[in-house]
Protein chains: 2
Amino acid sequence: MARRGGYAKGIAKREEILSTALDVIARHGYRGASVKEIADAVGLSQAGLLHHFGSKEDLFVEVLRKRDEHDTAVALTAFAERGITGALDAFVGVMRANADVPGLVLLYSALAVEAADPDHAAHAYFRDRREIFRAALAGGIRQMQDDGALDAHLDPDTLATAIHALADGLQVHMLIEPGLDMAGVIQHVVGALRPEPRHDEGGRA
Amino acid sequence: MARRGGYAKGIAKREEILSTALDVIARHGYRGASVKEIADAVGLSQAGLLHHFGSKEDLFVEVLRKRDEHDTAVALTAFAERGITGALDAFVGVMRANADVPGLVLLYSALAVEAADPDHAAHAYFRDRREIFRAALAGGIRQMQDDGALDAHLDPDTLATAIHALADGLQVHMLIEPGLDMAGVIQHVVGALRPEPRHDEGGRA
DNA sequence: CGCGAATACCGTACGCCATTCGGTTTCTGA
DNA sequence: TCAGAAACCGAATGGCGTACGGTATTCGCG
């Protein structure tokens, strides 16, 4: 487990480790991002690194958790300022932004799969996150249906599940086809689910 | 590389290894499916196992490749017998069937992510497969649009990309939520993309 | 200011992993 | 039937994540 409390030096080092880990993943791939490699990059021994985060898994989960905090803050602000449509735009915008952070998509996808193991540190993270995200998404869908911005025949829960899965699936595919315009694909599909007058927004693979 | 040629004994052993590997993954998880574990399960030493498949990665890719052969055969037969709608049904049916093979979804998802590394044995497999699958899917979509079974405003390539990503994303999510009805979700979404008279098929998460 | 407990960090060692190598046994078609 | 190919093994190698015991540094509190 990550050590609690912390001197100024430790807190700073922890931050440095979190961002350096992403760099190392981006440069060496997920397989090449060993504890030794990350430790070298921040100028620590392996044991020194593991002092800050109890395990490699914990470190990686922490990277995602921190990114989540930032992302949800962005989405909530957009919702407060521009309502549900703003939140949807923010969601797509966040995806677009995260896609440009090298290593992040790779880390997210890798952990999402490893988290299948109930003993994995990321298991609880993904389970909880999935539930929260889907509930929020389903709520937004319902609201858009009330506003007439989305086909009323659709089941909000099923559609929320689908959109979340679509987003995660696109990230996996992006690993093999880096040019993939994830946000564009999502916009195209969501745009197709409007009730009558189809907007026809772009987005090619 | 997998040894070529082969005596009867070797061919039989190879088949046994392929199916046993899935069992071990199902029982011990992807992490627990070490070469030693699989070798023990088939009654071989680690070196003995690696004699049949040059590496662990090669072995796993072979499992997927074999499953693909079966699946595409099913889809092609359905297409020949019942046209494009039959092929779509077959696709959903194959997903449903594979979801019931313990270990298969796990192996597929894990390799899909590992394949991000260009040096990984599965990289070429997923790259090629992705291209073939999307082209076939886009062709089917175009045909369904001509038949009036699908909204004509949709871009076939983008939609094909989306459906493929949706299918893969659902598999990842299924690892954490085993009860997830992947096929149902896909049917619901595709059903929603019909032109005018919405069918409203079920499918809850 | 200075003391001592908490924190930061390191060297070493352990067990597991995939893979390699050189060797022995078993198979089979010519 | 017999040579060469294939099947298989034991042991060794290098890399991995991590546990442990120890030392050096930090900094709130008296």
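Just so we're on the same page: letters track the sequence lines, and every chain starts at 1.
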> Need one value for A:L49: base, sugar-phosphate or nothing, where a base atom within 4.0 Å counts as base even if backbone is also close, heavy atoms only.
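Here A:L49 touches no strand at all.
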> Does any N or O in the side chain of B:T72 come within less than 3.5 Å of the main-chain N or O of B:E69, such that one atom is a donor and the other an acceptor?
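Flag set: sc B:T72 to bb B:E69 pair under 3.5 Å.
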> Find the distance B:F53:CZ to D:dA6:C1' and express it as a whole number of Å.
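Roughly 15 Å, once rounded to whole Å.
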> For nucleotides 16-22 of chain C, which of its nitrogen or oxygen atoms have a protein nitrogen or oxygen under 3.5 Å away, and what is each distance?
unit_1 : atom_1 : unit_2 : atom_2 : d
C:dA18 : OP1    : B:V35  : N      : 3.3
C:dA18 : OP1    : B:K56  : NZ     : 2.8
C:dA18 : OP2    : B:V35  : N      : 2.8
C:dT19 : OP2    : B:K56  : N      : 2.8

> Any Lys/Arg nitrogen of B:E177 or A:R134 sitting under 4.0 Å from an Asp/Glu carboxylate oxygen of the other?
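Salt bridge present between B:E177 and A:R134.
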> Please determine if A:R129 and A:D68 form a salt bridge, counting it only when a charged side-chain N lies under 4.0 Å from a carboxylate O.
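Answer for the salt bridge query: yes.
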> Any salt bridge between B:E57 and A:R31, counting N to O under 4.0 Å?
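A salt bridge is present here (some side-chain N lies under 4.0 Å from a carboxylate O).
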> Specify the separation, in whole Å, of atom CD of B:E15 and atom P of D:dA7.
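The distance from CD of B:E15 to P of D:dA7 comes to 13 Å, rounded to the nearest Å.
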> With nearest nucleotides of DNA chain C determined for A:G48 and B:K9 from heavy-atom distances, which residue corresponds to the more 5′ nucleotide?
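Nearest-nucleotide comparison on DNA chain C picks A:G48.
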> Verify, without hydrogens or angle tests, whether B:K13 (side chain) and B:V42 (backbone) share a donor-acceptor contact under 3.5 angstrom.
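Between the backbone of B:V42 and the side chain of B:K13 there is a qualifying donor-acceptor contact (under 3.5 Å).
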> Begin with the C-alpha distance, continue with both residues' side-chain angles, and end with the deciding distance and a verdict on side-chain contact (heavy atoms from CB on, under 4.5 Å) for A:E114 and A:Y30.
CA-CA 12 Å; A:E114 287 185 8; A:Y30 187 71; 3.0 Å; yes
> According to a strict under-4.0 Å criterion, is A:H51 in side-chain N/O contact with OP1 or OP2 of C:dA8?
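Yes, within the criterion.
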> In whole Å, I'd like the distance from the CD1 atom of A:I11 to the P atom of C:dC9.
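Rounded to whole Å, this separation is 12 Å.
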> When you check the phosphate oxygens OP1 and OP2 of C:dC9, does a side-chain N or O of A:H52 lie under 4.0 Å from one of them?
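Looking at the OP1 and OP2 atoms of C:dC9, one of them is under 4.0 Å from a side-chain N or O of A:H52.
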> Choosing from D:dC8, C:dA5, D:dG4, which nucleotide comes nearest the side chain of B:Y7?
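That would be D:dG4.
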> From C-beta outward on B:L44, which listed nucleotide comes closest to its side chain: C:dC9, C:dT28, D:dC9?
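Looking only at heavy atoms from C-beta outward on B:L44, the closest nucleotide is D:dC9.
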